[in-house]
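Shown next, in structure tokens, is the structure this report addresses.
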Amino acid sequence: MSLRERLLYVAEHYKQMGGDVLVKHEIENMLTRRLPISLYRLEHINREEMRISGHHAETFPYVTLANKNIESDVMVAYLFSEDGQRIYLVMLRGDSEEGTDLKDIRFFTPEHARVLKDNHIVIGTSMEAKSFEDRVALYLPYNIADLPSNDQLQEDLHLLLSMHEQYIKTYGMSKEMMGDKDAIVHIHEYIRKSGFTYERHDIANAYFALKTKPFIVLSGMSGTGKTKLAQLLADSIGATIENGRQVLIPVRPDWHDSSDLLGYIDLRGDFRRGSFLSIMQQAIQHPAYTYVAILDEMNLARVEHYFSDILSVMESRSWSKEKIKTAPLFPGHKMFRDIYLPSNLLIIGTINMDETTHGFSQKLLDRTNTIELNKIQLDSFDFLDDRDPSQHGIQNVQIQSQYVHLKDAYVEHAELIHEVTNELLTVNEMLIEVDLQIGYRVRDEICFYLIYAVKSGMFTFDQAFDFQVLQKVLPRISGSDGYTFDLLKNLYYYCTNTLLDDEFETAVVNADGMRFPKSARKIMEMMRRFEVYGYTSFWINTVR
């Protein structure tokens, strides 16, 4: 008999257990011996590793599959309903009151169209049935009337055992997860040993920006190592080109729509999948691992043209079954209707600002942290004496955003949120003169950044807020009128508590006496440009 036939036999005859002794013996033999033998014979079951046992509760039977070599209270099982009309292939936790939280099991297992992660499973009405229902984290339901083929049942079992294996691996690693501060130290050391010198606080800034939202932009003059930094940052957290979890996508000047990123139908009618779509699919299938897409020189083409679809779904992020998900990227599409922008996919863009590139719109600036890299230390050779850097698989749960909406963080961090908001109200009073006020989205993301940075112990409040003024406020400012120049002077006073007179060219940026020295230096650069060119912007190189 096949696996399908033996599952059907148990479902259809279990109610007869209380009848004739011979019938009872036959049913029990099928449940506890023959059905496990059918499972042991499957190609993907290793008898030396797997313990398969048939059991019967008072009103329903079940079969458990547990790995002998793994200590875990989470296992795969077949559960039969009390009425004999349904069979469920499930992943469930043990019956201990201190067992693994179902939210953790659902978080550390990938999404699959056929696997359900809800609380709608129905075993029966008895107390024992309800106890089992409460312990099921995910399941595939089968109706006896249309039980799938034997091949499909085997494929489903292989799928759930694979999900269980991935859960065991990643959940165990997450329990040993390092703190944010240790993760930043590791990333910084990896990059330094690779021959690139960046200050640790700059690496911490990029880390917190990615944790706030999985999309950042690295800017700066040519030769500062923007692309290499993005690659090394990805390598340091275990997302490499070799293991397929990192992809470098050079942007071309002739990109006009998202087909260049996501894919297109060629002249033969075949769909050519884009690199970005491919890495999205991989990230969805493996949610515990971090994936990184690097868009190199992303403003060679107009970002708002080829990246608009992704920017739009990025803002639809919400909680779904204990995971952050977005709206589908291809709603209604036959093949890709379930594709969304997964939270374990980090997007790092690099840009140059010169006569060959396009500027950024306010829409894009509101949706990212713009990190400027202009410092080069050619005489740093310490890395030559170090051993080769080691990679570390920092789990996605560590670098993933913990908050999507302000209410997610408010109860625990209300005081800090109000402190940030009060500062932003002061900034908005200055920005209102040029109609560049900070909105709700930017406020929320600045709050999240401050929570991560201050909580980690890496930054004080002022240090973290300085980075956010530099990266979320100043890139918005450009112009050639007096209002723009007055705004910069007011912001300089806000950052330094120092009034600039007409001879501002002679002003010295004294970091020791300033509240927000990084922003103050940038403001000074922008004012000097204004004096020389009659126009200023965040992006033009400093005028000497």
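Residues: numbered from 1 along the sequence shown.
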So D101 and R93, salt bridge (charged side-chain N to carboxylate O under 4.0 Å, His left out) or not? Walk me through it. CA-CA 8 Å; D101 196 315; R93 64 174 177 81; over 6 Å; no

CA sep, side-chain torsions, deciding dist, call: E412, K455, side-chain contact (heavy atoms from CB on, under 4.5 Å): CA-CA 11 Å; E412 186 177 357; K455 183 180 176 181; 4.2 Å; yes

Derivation of the side-chain contact (heavy atoms from CB on, under 4.5 Å) call for F360 and V217: CA-CA 11 Å; F360 275 8; V217 172; 4.0 Å; yes

Let's go through D180 and M458 carefully: what are the C-alpha distance in whole Å and the side-chain angles of both, what is the deciding distance for side-chain contact (heavy atoms from CB on, under 4.5 Å) to 0.1 Å, and is it a yes or a no? CA-CA 9 Å; D180 283 342; M458 290 293 295; over 6 Å; no

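Within the 3.5 Å criterion, the main-chain N or O of T240 finds no donor-acceptor partner in the side chain of D235. Counting only distance, with no hydrogens or angles, the side chain of R317 and the backbone of L341 share no donor-acceptor pair below 3.5 Å. Side-chain N or O atoms of S236 include none that pairs as donor or acceptor with a backbone N or O of Y190 at under 3.5 Å. Between the side chain of R529 and the main chain of S537, a donor-acceptor pair closer than 3.5 Å is present. Remark: the backbone N or O of M526 is paired with a side-chain donor or acceptor of T536 at under 3.5 angstrom. Of the possible donor and acceptor atoms, one in the side chain of N422 sits under 3.5 Å from a partner among the backbone N and O of H418. A donor-acceptor pair is defined here as one N or O able to donate and one able to accept, closer than 3.5 Å; such a pair exists between the side chain of R106 and the backbone of D118. Within the 3.5 Å criterion, the main-chain N or O of I438 finds a donor-acceptor partner in the side chain of N428. Under a 3.5 Å cut-off, the side chain of N344 and the backbone N or O of A283 do form a donor-acceptor pair. A donor-acceptor pair under 3.5 Å is formed between the side chain of Y452 and the backbone N or O of Q402.
Between the side chains of N205 and Q471, a donor-acceptor pair is found at a separation under 3.5 Å. Using a 3.5 Å distance cut-off with no hydrogens or angles, the side chains of Y142 and D156 do pair a donor with an acceptor. D309 and S312 share no side-chain donor-acceptor pair at under 3.5 Å. Using modelled atom types, one finds a donor on one side chain and an acceptor on the other under 3.5 Å when comparing D257 with S259. Side-chain contact, T109 with K117: a donor N or O sits under 3.5 Å from an acceptor N or O.
Applying the salt bridge (charged side-chain N to carboxylate O under 4.0 Å, His left out) test to pairs two or more places apart or on separate chains, none has a residue in residues 286-307. For residues 434-448, the pairs satisfying salt bridge (charged side-chain N to carboxylate O under 4.0 Å, His left out) are K213-E445, E315-R441, E445-K472, with sequence neighbours left out.
Cation-pi geometry between K522 and F538 is met: the NZ or CZ atom falls under 6.0 Å from the ring centre, inside 45° of the normal.
In terms of heavy atoms, V74 sits closest to H164 at O-NE2, 2.7 Å. Among all heavy-atom pairs drawn from Q282 and G244, the shortest one is OE1-O, 3.2 Å.
Taking CD from Q246 and CD1 from I279, the interatomic distance works out to 8.0 Å, rounded to the nearest 0.5 Å. The OG atom of S343 sits 7.5 Å away from the CH2 atom of W319 when rounded to the nearest 0.5 Å. Taken to the nearest 0.5 Å, the CD1 atom of I477 stands 8.0 Å off from the OG1 atom of T484. For the atom pair CE of M298 and CG of L364, the computed distance is 6.0 Å after rounding to the nearest 0.5 Å. The structure places OH of Y449 at 7.0 Å from CG of N369, a figure rounded to the nearest 0.5 Å. Here H188 contributes atom NE2 and L232 contributes atom CG; the two are 12.0 Å apart, rounded to the nearest 0.5 Å.
Between H286 and Y291, the ring planes lie parallel to each other; the angle is under 30°, not in the 30° to 60° tilted range. Note: H201 and F467 have tilted aromatic rings, judged against thresholds of 30 and 60 degrees for the angle between ring planes. Ring-plane geometry between W255 and Y306 is classed as perpendicular, the angle between the planes exceeding 60 degrees on a 0 to 90 degree scale with a lower cut at 30. Ring-plane geometry between F208 and F459 is classed as perpendicular, the angle between the planes exceeding 60 degrees on a 0 to 90 degree scale with a lower cut at 30. Classification of the Y198-F196 ring pair by plane angle, with boundaries at 30° and 60°, yields parallel.
A salt bridge links R252 with D254: the distance from a Lys NZ or Arg NE/NH1/NH2 to an Asp or Glu carboxylate oxygen falls below 4.0 Å.
Contacts of E423 classified as side chain to side chain donor-acceptor pair (under 3.5 Å), with partners at least two apart in sequence or in another chain: Y494, R515.
Taking the six-membered ring where the residue is Trp, the centroids of F215 and F307 are separated by under 6.0 Å.
Counting heavy atoms from C-beta on, the side chains of H405 and Y410 never come closer than 4.5 Å. Between L160 and L138, the closest side-chain pair of non-hydrogen atoms falls below 4.5 Å. Looking at heavy atoms from C-beta onward, L329 lies in side-chain contact with M280 at the 4.5 angstrom threshold. Put simply, the side chain of D338 does not reach to within 4.5 Å of the side chain of I284, judged on heavy atoms.
Each of V420, L416, T212, I446 was compared with I451 under the side-chain contact (heavy atoms from CB on, under 4.5 Å) criterion, and only L416 meets it.
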